[in-house]
Undergrad: 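I have a structure I would like to understand better, so I am pasting it below and will then ask my questions one at a time.
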Protein chains: 2
Amino acid sequence: MTHTYRYPRPALAVDCVVFGLDEEDLKVLLIRRGVEPFAGRWALPGGFVRLDETLDEAARRELREEAGIEKVYLEQLYTFGAVERDPRERVVSVTYYALVKLSEHAVRAATDAREAAWFAIDDLPRLAFDHEAIVDKAIARLRGKVRYAPIGFELLPKKFTLTQLQRVYEKVLGHELDKRNFRKKVVATGLLIELDEVEQDVAHRAARLYTFDEKAYRKLEKEGFLFEI
Amino acid sequence: MTHTYRYPRPALAVDCVVFGLDEEDLKVLLIRRGVEPFAGRWALPGGFVRLDETLDEAARRELREEAGIEKVYLEQLYTFGAVERDPRERVVSVTYYALVKLSEHAVRAATDAREAAWFAIDDLPRLAFDHEAIVDKAIARLRGKVRYAPIGFELLPKKFTLTQLQRVYEKVLGHELDKRNFRKKVVATGLLIELDEVEQDVAHRAARLYTFDEKAYRKLEKEGFLFEI
DNA sequence: AAGGTTCGTGTACATCCTACACGTACACGA
DNA sequence: TCGTGTACGTGTAGGATGTACACGAACCTT
């Protein structure tokens, strides 16, 4: 193998902002660092990129290794390259954000001894490195994207009620939405399939369950159609 | 300096998609490669990231060195990390897109012996590496962004007519716009300053000149307001 | 059986988007 | 100087879309 250049090169890492939604809040998964620098501080799950894996693969591997998370919605966010962002040496980080269904992934977050926990996005601890800037960027991207792409579904279980879906949008956007108008818009997208089931074990009238219509979505996507919520 | 890890690491490059607009078309700046691999093929301007510069700085440096371009609108696009994208060795590329005022930057594009030229975006030659995918992504981003951010101005000289501005949008979006509706929307943004000048040396009634109101833009930006065109 | 909780639904008004045509200004050439 | 060519600059009407807003029905619990 010939080398393209022989100058020293930055280390290359991936870091992931993993969003999840529980009953109360939109949350981010953090891992407590065991080693210096920033030992004891909370940080984003992430690690170095290997030569034989793509960036996406590296991100998924780290999610698996550090948080036991698989098969999530994952999208590249931004690449952070400030010279001094890691005090040890030059490290450039390609960042991703992921959306997970907390209901299905349970709370299983600490895999290999490391401590992991979910934090509400407006109650985050101090983070290691420049990870606060990364989280900020991820939230901004999520807020922007949720309005024209159907990513709200990624935070919910397969079957969900319209009220649950509305909660997702309210939590992500940070403000309340009108129930009737929300329903009108969301069914108008044609991306929902109405099921013949209702939610179970609730102490009131049960709501109808819906599911996301992936086929319809792929069709819309191909045709380049957009929708807004 | 302690090393964070001692595994082999990918080389890290930046590549730039530089957009310019002339009388006819939206164009991209390409550079003809002199060396293998892909010797003779056209490619995006770019190069390797140094340890003492940020990614943005690396991109600007390459634009200066390879194309003589300075002070342009520059924004990070995406990071490409397929394992085999460079046949020599693993190279990850952080890509940027830039908007330049062709009218002001003249045609000065070849600085250091290398051959450089502008190509209309729907008449591109075959490109080296995965640069076609990069250009595609840049065009998609530009099309999306132009609708809610005032980047059309970056492709025009300081003083421009509304017809020129409309041309920009038409070229970028790829379809024609209604003259009256376009003007209504664009003046409604409050981002234009009407000058007491008209264009010169035209063989017909001269159009009024406008300029971009950066102050108004910064204010809008702070308040988080959006606008659409 | 009564009470508590969430479900599910429609309309009226304001706003925004779209489609569309013609008289005017100016330069140029005959 | 007069005619011609070209791009400039302007308004309105109709349709579509977004917003604000309240209440009876269903179902579970006690």
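We name chains A, B, ... by the order of the sequence lines, and we start the count at 1 in each one. As a basis for the values below, the full set of heavy atoms in this structure was taken, side chains included, without hydrogen atoms, waters or symmetry mates.
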Undergrad: On the six-membered ring of A/Y78, is A/K137 placed so that its NZ or CZ lies under 6.0 angstrom from the centre and within 45° of the ring axis?
TA: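 Yes, A/K137 sits over the ring of A/Y78.
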Undergrad: Using the benzene-type ring in the case of Trp, are the ring centres of A/F153 and A/Y73 under 6.0 Å apart?
TA: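 No, the ring of A/F153 stays outside the 6.0 Å limit from the ring of A/Y73, centre to centre.
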Undergrad: Verify, without hydrogens or angle tests, whether B/R41 (side chain) and B/L127 (backbone) share a donor-acceptor contact under 3.5 angstrom.
TA: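 Checked: pair present.
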Undergrad: Between A/R218 and A/E214, is the closest basic N to carboxylate O distance under 4.0 Å?
TA: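 A salt bridge is present here (some side-chain N lies under 4.0 Å from a carboxylate O).
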Undergrad: Within residues 168-183 of chain A, find the residues that approach DNA chain C with a heavy atom at under 4.0 Å, and present them sorted by residue number.
TA: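 The answer is A/K179, A/R180, A/R183.
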Undergrad: Please produce a list of atom pairs where a protein N or O lies less than 3.5 Å from an N or O of nucleotides 16-18 of chain D.
TA:
none

Undergrad: What is the distance from CG of A/L209 to P of C/dT6, rounded to the nearest Å?
TA: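 In whole Å, C/dT6 P and A/L209 CG are 17 Å from each other.
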Undergrad: Going from CG on A/L162 to CZ on A/R183, what distance comes out if it is rounded to the nearest 0.5 angstrom?
TA: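 Taking CG in A/L162 and CZ in A/R183, the distance rounds to 4.5 Å.
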Undergrad: Is it the case that over 12 heavy atoms from other parts of the model lie below 6.0 angstrom from the CD atom of B/E170?
TA: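 Counting neighbours around CD of B/E170, more than 12 heavy atoms of other residues, nucleotides or ligands fall under 6.0 Å, so yes.
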Undergrad: Using salt bridge (Lys or Arg N to Asp or Glu O under 4.0 Å), reason through B/R61 and B/E57 one step at a time and then give a plain yes or no.
TA: CA-CA 6 Å; B/R61 176 178 54 72; B/E57 286 164 1; over 6 Å; no
Undergrad: Tell me: CZ of A/F160 to C1' of C/dC7, nearest whole Å?
TA: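 That distance rounds to 17 Å.
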Undergrad: Between B/V72, B/V28, B/V172, which is the residue that forms a side-chain contact (heavy atoms from CB on, under 4.5 Å) with B/F19?
TA: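 Answer to the side-chain contact (heavy atoms from CB on, under 4.5 Å) test with B/F19 among B/V72, B/V28, B/V172: B/V28.
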Undergrad: Could you tell me how far apart B/R208 (CZ) and C/dC26 (P) are, to the nearest whole angstrom?
TA: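 Roughly 11 Å, once rounded to whole Å.
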Undergrad: Need to verify one output field. Residue with the more 5' nearest nucleotide on DNA chain D, B/K184 or B/T163?
TA: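 On the 5' side of the pair lies B/T163.
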Undergrad: Starting from P on C/dG8, measure out to OH on A/Y210 and report it in whole angstrom.
TA: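 Rounded to whole Å, this separation is 6 Å.
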Undergrad: I need a per-nucleotide contact map over nucleotides 25-30 of chain D, read 5' to 3'. Cutoff is protein heavy atoms under 4.0 Å; write B for the base, S for backbone only, - otherwise.
TA: BBBSS-
Undergrad: My understanding is that a pair needs two contacts under 3.5 Å, Watson-Crick or G-U wobble. By that rule, which nucleotide pairs with C/dA30?
TA: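 By the stated definition (distances under 3.5 Å), D/dT1 pairs with C/dA30.
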Undergrad: Is any side-chain N of the basic residue among A/K145 and A/E75 closer than 4.0 Å to the acidic one's carboxylate O?
TA: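 So A/K145 pairs with A/E75 through a salt bridge.
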Undergrad: Under a 3.5 Å cutoff, is there a donor and acceptor pairing between the side chains of B/D15 and B/S93?
TA: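 Short answer, yes.
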Undergrad: Within this structure, what is the CD-to-P distance between A/E199 and C/dT6, rounded to whole angstrom?
TA: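 In whole Å, C/dT6 P lies 10 Å from A/E199 CD.
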Undergrad: Quick check on the 6.0 Å ring-centre criterion: do B/Y210 and B/F160 meet it?
TA: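 Aromatic pair excluded; centres sit 6.0 Å or further apart.
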